[in-house]
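Below is one structure, written out as structure tokens; the observations come after it.
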Amino acid sequence: MEIPKAYEPKEVEGRWYPFWEQSGFFSPESTTDPKAKTFSMVIPPPNVTGYLHMGHALNHTLQDVLARWRRMAGDRVLWLPGTDHAGIATQMVVERQLAAEGVKRQDLGRDKFVERIWAWKEHSGGTIQKQMRIVGDSVDWSRERFTMDDGLSNAVKEVFVRLYDEGLIYRGEYMINWSPGLQTAISDLEVEMKPVKGKLYYIAYPIGAAANTPVEGLAEAYEAANSESVPRPSGSGSGYLKTDAGEFIVVATTRPETMLGDTAIAMNPDDAGSEGRYAAVVGKKLVLPLVGTEISFIQDEVVEKDFGTGFVKVTPAHDPNDFAMGKRHNLEFIQVIGKDAKMTDAVPEKYRGLDRNEARKAVVADLEALGLLLKVDEYTHNVGHCQRSGTVVEPLISMQWFMRMKELAEPAIAAVRDGRTKFVPESTAKIYFNWLENIQDWCVSRQLWWGHRIPAWHTPAGEIVVARDEAEARERLKAHGLDSTVELREEQDVLDTWFSSQLWPFSTLGWPEETEDLKKFYPTDVLITAFDIIFFWVARMMMMGLKFMGEVPFRTVYINALVLDPQGQKMSKTKGNVIDPLDVFAKYGTDAARFALTSASTAGMTLALQESKLETSRNFANKIWNATRFVLMNCDEVLEAQEPVDWETELSQPELADSWILSRLSRVALDVHSGLGEYRFHEAASVLYQFFWNDFCDWYIELSKPFVTAKESTPQSLAVKRRIIYVLERSLRLLHPIMPYITEELWQRLPHKGETICTAEFVSHNSAQLDGRAEREMALVIEIITKLRNIRASFNIAPSVLLKAVIAPADANAREVISGMGDHIKRLARLEDLQLVEKLEVTRGAARAVVSGAEIAVPLEGLVDFDKERARLEKEIGKLTNELAGLEKRLGNADFVARAAAEVVETSRQRAEELTDQIAKVNATIESL
RNA sequence: AGGAACGUAGCUCAGUGGCUAGAGCAUUGGUCUUACAAACCAGAGGCCGUGGGUUCGAGUCCCACCGUUCCUACCA
């Protein structure tokens with residue numbers, strides 16, 4: 001049988017997914033064993049508008065590795081796929097489309113607009129699903145869910161009503177983050193703080209009478225008062241000015257336009273005390289410039305004495321801190337900026353309708369004209385931006401729906417503390433605790449059209465009734481003795497998308513119905529996700545799972561790394577360094593990309609995607625391809641049988657290399673199991689890589705060549721071929737979870753059992769095959785061959801020149817091993833003659849080497865440069881002596897011998913003896929030169 | 001401001017308190033050895049950030065410092 005010389009991923013990958021999907025291998029029902037354990041995961045639902053980014057590629061690969069591994073290991077596996085409706089993102093996509101047609105959503109009306117979104121979803125929403133099929137995700141498509149599905153929408157209503165009934169959801173007027181860009185409230189988590197270069201304006205507010213005419217010289221007075229050279233009168237602070245024009249206080253602000261809504265000036269109580277620097281102004285009244293209203297001083301602990309002048313203007317309707325102060329001091333709340341980010345009618349006429357930025361300019365100009373603008377400093381400060389639209393968030397007081405979080409958070413904290421859910425890596429649990437322990441109420445309402453409508457109805461009298469549907473709303477009205485026949489207006493607001501996502505682990509399984517799936521698959525085994533949604537999603541799912549299922553939603557949360565670009569930079573559209581995973585998959589092959597991602601998944605929190613790692617992985621795929629190609633080209637008589645190869649049914653005795661490779665294979669199976677079982681993905685990948693490449697290809701296949709390529713078939717050559725196929729076929733099975741396509745392709749060409757490698761039995765380790773002795777003996781053979789090659793290389797002897805070697809084994813066992821493997825040693829070290837002796841004679845003109853089980857001499861009459869040889873051996877001695885010195889120091893320490901584990905002391909002793917012996921031998925060799 | 005993580009070969013990273021600190025890439029020398037030049041063979045390359053401490057023993061545990069990165073909160 002002949003296959004292409006190099007692996008062509010494109011030729012192979014397209015073929016298998018449709019076969020797998022159509023055959024239903026990824027359904028839990030494909031497991032026929034009724035006693036099979038279940039293994040379930042829900043996918044972190046990507047946005048329905050989304051496309052796969054590098055983070056998904058990693059996240060999905062790791063989930064798929066686990067799913068495929070558990071499936072092959074015999075579990076009933078459910079990996080449930082789906083998408084979320086991404087309220088804001090999706091609405092924006094469709095709005096943009098409409099804008100291209102010159103239509104606004106308001107022109108269409110709510111119902112038509114929502115219809116339009118559904119239509120968009122039907123036609124363009126499937127990108128991510130297509131891409132998941134490219135990655136090879138072994139999800140059960142028959143159970144795919146969408147957060148806006150009927151079932152999931154019911155779950156949302158049910159949860160909302162129950163939480164409301166328990167008082168955990170409430171409606172109220174509070175300060176929220178308003179996104180003028182999106183025209184909706186957003187939650188604290190959706191606000192991104194970004195440093196912005198702005199200005200700090202120092203403004204004078206007159207005490208007593210209004211300053212209707214420009215005040216002269218105030219700025220100079222302020223400067224003088226704050227100058228270091230002029231001693232400040234005791235008891236007076238820099239924020240208080242007394243001039244011929246009257247008394248003034250000075251405040252510093254980054255947002256002068258909000259002064260139009262000031263209803264107090266605050267200072268720290270210390271400054272107001274009888275000893276305080278601003279005692280003189282306490283109790284006096286101020287006049288708000290440009291507006292003319294009278295405002296008072298208040299005292300509040302939150303005011304920092306050291307910042308600015310120590311006076312703070314208080315705008316309770318436009319700043320979260322001022323809002324809190326306003327509540328504490330019963331201040332008036334004047335909304336001067338509207339939801340459109342323009343000035344409201346509450347401000348003097350000339351500012352009305354101005355955008356908040358224009359208003360700032362106007363206010364600053366007018367203050368300057370009045371002589372009240374004293375100073376402007378350059379000032380960089382953090383400003384809240386809307387994550388989605390990028391506009392500056394406006395803190396506004398607004399009527400919204402909130403979820404009370406504190407009492408929901410407590411059980412979620414406890415569940416991780418007592419280990420019902422485990423975070424991997426462990427340090428990520430701290431992120432979780434930290435957030436939940438400082439949790440704030442969650443603003444869940446959004447002023448959007450796309451999403452789950454809040455199940456609430458308003459009566460004409462202004463009553464609000466929360467219910468699952470209108471009929472129930474009327475019943476509830478009746479139950480409260482209210483008129484149930486009035487006209488009801490349905491609540492306009494929808495819920496934050498995360499409100500439905502937080503129900504994902506059970507709503508997708510049919511909740512609130514008590515379905516079979518729910519019983520079978522909840523709680524899920526593991527959730528794999530990225531650390532940036534621990535708050536948004538993981539913590540909230542924990543709270544909801546515990547609340548409504550009475551049980552954690554997942555046993556383990558594995559936080560996968562953040563994928564960085566090759567320079568270690570975070571990928572971002574603005575930086576332009578985003579790598580499209582599909583490009584990577586196309587360039588290197590899906591299996592190679594998956595292998596690279598898996599082997600880069602160490603305990604760290606970041607993962608820089610190196611080109612070299614992808615190349616290495618591509619080469620690995622090619623290696624797998626070619627190793628199989630070698631077999632396919634040379635083992636026709638075994639392949640023709642097309643029956644699974646059984647190691648034990650062979651005629652000839654296995655030799656050392658056979659026991660060795662079996663032992664290695666068993667150990668690898670063990671390591672892959674434990675690696676994946678403990679989420680050490682890197683370990684599983686690297687163990688497989690090293691086994692397949694170094695052990696199987698470099699040694700086992702090389703050792704097999706004389707038999708495999710022999711022209712005549714003998715019982716022995718047949719046995720060797722069968723064994724090589726046996727090991728290869730099992731290696732493919734072990735590799736399949738990480739590299740699904742190439743392994744399926746090659747496995748199908750080898751003798752195998754079953755329809756697909758996807759459901760072939762995973763190789764479990766066989767302790768009867770673990771053979772420490774064979775591994776030690778093979779190590780001796782490998783070391784001897786390596787030393788011989790080393791001698792050849794150091795003396796620049798061409799591979800075509802055959803050498804003679806004399807070996808003195810250290811003991812009878814070593815002699816047996818070396819003599820048994822003599823032919824192999826001769827061939828692989830390119831010797832024409834190998835002689836075993838009791839003791840090496842002192843022969844001049846021979847290169848020498850010492851390994852722990854033997855001494856080696858290679859007569860090189862006329863070829864040896866004695867100085868070079870001496871240098872080589874002295875270097876060897878240096879190494880050995882160094883190591884021995886360390887050991888002797890340790891062994892010379894009485895405390896070590898007395899206190900260290902007996903085993904450790906013993907191995908140290910043995911090693912020291914070995915080293916002493918070797919050093920003596922190498923020394924003798926040097927002397928003999 | 002508070003918290004967390006990370007500093008190991010030129011680069012990217014592994015490394016269970018004790019068996020010679022490893023891998024891939026890069027690098028040096030050699031090779032078309034009938035699967036693979038995306039390969040094969042053999043090398044070289046390490047005060048494990050710095051300074052203390054715990055311990056018989058520290059790359060590994062503790063403390064401090066230096067450096068890098070991230071998260072949370074936000075002062076007008």
Side-chain angles (χ1 to χ4, degrees), chain A residues 3 5-7 188 193 200 251-255 258 266 302-304 306-309 311-315 319-322 379 381-382 384 425 427-428 430-431 434-435 438 531-532 534-535 562 566 568 570 596 599-600 602-613 615-634 680 682-683 686 689-690 697-698 701-702 705 708-709 785-786 789-794 796-800 827-828 830 879-880 882-883 886-887 889-890 893-901 903-908 910-911 915:
Chain A
I3 63 172
K5 195 172 169 183
Y7 177 51
D188 296 344
M193 302 303 283
L200 191 59
V251 297
T253 181
T254 53
R255 299 195 64 191
T258 63
V302 303
V303 180
E304 297 278 339
D306 301 331
F307 188 89
T309 61
F311 286 118
V312 181
K313 59 190 275 307
V314 184
T315 320
D319 180 280
N321 282 322
D322 294 4
Y379 189 66
H381 60 135
N382 281 326
S427 60
T428 52
K430 285 180 190 163
I431 303 175
N434 198 275
W435 187 67
N438 299 295
F531 77 93
D532 57 330
I534 291 179
F535 312 142
L562 178 73
K570 220 170 168 172
S599 64
T602 58
M605 291 295 281
T606 57
L607 182 168
L609 194 69
Q610 299 297 314
E611 201 99 6
S612 66
K613 194 135 218 159
E615 278 169 17
T616 301
S617 303
R618 179 198 56 189
N619 296 353
F620 184 46
N622 191 49
K623 192 74 180 175
I624 296 168
W625 182 261
N626 271 294
T628 310
R629 182 167 178 261
F630 171 75
V631 167
L632 294 175
M633 284 167 69
N634 292 293
R680 295 192 309 264
H682 152 83
E683 184 182 306
S686 93
Y689 181 92
Q690 277 165 32
C697 292
D698 290 348
I701 288 185
E702 288 307 324
K705 275 186 177 168
V708 171
T709 58
I785 294 171
T786 304
R789 286 168 170 172
N790 179 305
I791 288 170
R792 177 187 293 277
S794 1
N796 283 321
I797 300 162
S800 50
R827 192 171 51 84
L828 294 177
R830 303 192 67 78
K879 263 193 201 167
L880 298 171
N882 250 340
E883 196 193 333
L887 281 170
K889 190 180 159 200
R890 194 189 288 179
N893 184 338
D895 280 332
F896 171 73
V897 179
R899 297 205 187 193
E903 207 183 275
V904 175
V905 178
E906 188 47 35
T907 32
S908 300
Q910 275 173 18
R911 180 70 188 152
L915 285 169

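Proteins come first, then strands; the chains are lettered A, B, ... in the order of their sequence lines, and each starts at number 1.
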When you measure from the side-chain N and O atoms of [X] to the phosphate of [N], is any distance below 4.0 Å, counting only OP1 and OP2?
{"X": "A:Asn790", "N": "B:G43", "answer": "yes"}
{"X": "A:Lys430", "N": "B:C71", "answer": "no"}
{"X": "A:His381", "N": "B:A76", "answer": "yes"}
{"X": "A:Asn434", "N": "B:C71", "answer": "no"}
{"X": "A:Tyr379", "N": "B:C75", "answer": "no"}
{"X": "A:Thr602", "N": "B:A14", "answer": "yes"}

Donor-acceptor under 3.5 Å ([X] side chain, [Y] main chain):
{"X": "A:Asn622", "Y": "A:Arg618", "answer": "no"}
{"X": "A:Arg680", "Y": "A:Thr602", "answer": "no"}
{"X": "A:Arg827", "Y": "A:Glu702", "answer": "yes"}
{"X": "A:Asn626", "Y": "A:Lys5", "answer": "yes"}
{"X": "A:His682", "Y": "A:Ser599", "answer": "yes"}

Parallel, tilted or perpendicular, as decided by the 30° and 60° cut-offs, for the rings of A:Tyr379 and A:Phe307: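 Rings of A:Phe307 and A:Tyr379: perpendicular, as their planes differ by over 60°.
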Could you check which nucleotide pairs with [N] in any of the strands shown, counting Watson-Crick or G-U wobble with both distances under 3.5 Å?
{"N": "B:A23", "value": "B:U12"}
{"N": "B:U55", "value": "none"}
{"N": "B:U68", "value": "B:A5"}
{"N": "B:C36", "value": "none"}
{"N": "B:C75", "value": "none"}
{"N": "B:G46", "value": "none"}

5'-most by nearest nucleotide on RNA chain B - A:Asp895 or A:Met605: A:Met605
Residue mapping more 5' on RNA chain B - nearest nucleotide basis, A:Lys313 or A:Ala600: A:Ala600
I'd like the [atom1] distance from [M] over to [N], given in whole Å.
{"N": "B:G46", "M": "B:A23", "atom1": "P", "answer": "15 Å"}
{"N": "B:C63", "M": "B:A4", "atom1": "P", "answer": "10 Å"}
{"N": "B:U60", "M": "B:G51", "atom1": "P", "answer": "13 Å"}
{"N": "B:C6", "M": "B:G17", "atom1": "P", "answer": "15 Å"}
{"N": "B:G59", "M": "B:U50", "atom1": "P", "answer": "11 Å"}
{"N": "B:A44", "M": "B:G29", "atom1": "C1'", "answer": "10 Å"}
{"N": "B:C70", "M": "B:C62", "atom1": "C1'", "answer": "24 Å"}
{"N": "B:C11", "M": "B:G53", "atom1": "P", "answer": "31 Å"}

Separation of [N] [atom2] from [X] [atom1] (nearest whole Å):
{"X": "A:Tyr7", "N": "B:A39", "atom1": "OH", "atom2": "P", "value": "16 Å"}
{"X": "A:Lys570", "N": "B:U68", "atom1": "NZ", "atom2": "C1'", "value": "15 Å"}
{"X": "A:Glu304", "N": "B:A73", "atom1": "CD", "atom2": "P", "value": "18 Å"}
{"X": "A:Met193", "N": "B:A1", "atom1": "CE", "atom2": "C1'", "value": "14 Å"}
{"X": "A:Ile534", "N": "B:U72", "atom1": "CD1", "atom2": "P", "value": "11 Å"}
{"X": "A:Lys889", "N": "B:G57", "atom1": "NZ", "atom2": "P", "value": "9 Å"}
{"X": "A:Leu609", "N": "B:C13", "atom1": "CG", "atom2": "C1'", "value": "13 Å"}
{"X": "A:Ile431", "N": "B:C6", "atom1": "CD1", "atom2": "P", "value": "12 Å"}

Checking all strands, does [X] fall into the base, sugar-phosphate, or nothing category for heavy-atom contacts under 4.0 angstrom?
{"X": "A:Phe311", "answer": "nothing"}
{"X": "A:Thr786", "answer": "sugar-phosphate"}
{"X": "A:Asn438", "answer": "nothing"}
{"X": "A:Arg789", "answer": "sugar-phosphate"}

Validation row: A:Ile431, A:Trp435 side chains within 4.5 angstrom (heavy atoms):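 When only atoms from C-beta onward are counted, A:Trp435 and A:Ile431 do not touch, as no gap falls below 4.5 Å.
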Heavy-atom check, side chain of A:Leu828 versus side chain of A:Arg789, under 4.5 Å: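 In contact.
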Working for side chain to side chain donor-acceptor pair (under 3.5 Å), residues A:Ser794 and A:Asn790: CA-CA 6 Å; A:Ser794 1; A:Asn790 179 305; 3.2 Å; yes
Out of B:C41, B:A5, B:G18, whichever nucleotide has its closest atom nearest the side chain of A:Ser427: B:A5
Nucleotide-resolved protein contact map, nucleotides 19-35 of chain B, B/S/- at heavy-atom distance under 4.0 Å: -B--SSS---------B
Side-chain donor/acceptor of A:Asn622 to base of B:C36, under 3.5 Å: no
From A:Ile797 atom CD1 to A:Arg830 atom CZ, the distance as rounded to the nearest 0.5 Å: 12.5 Å
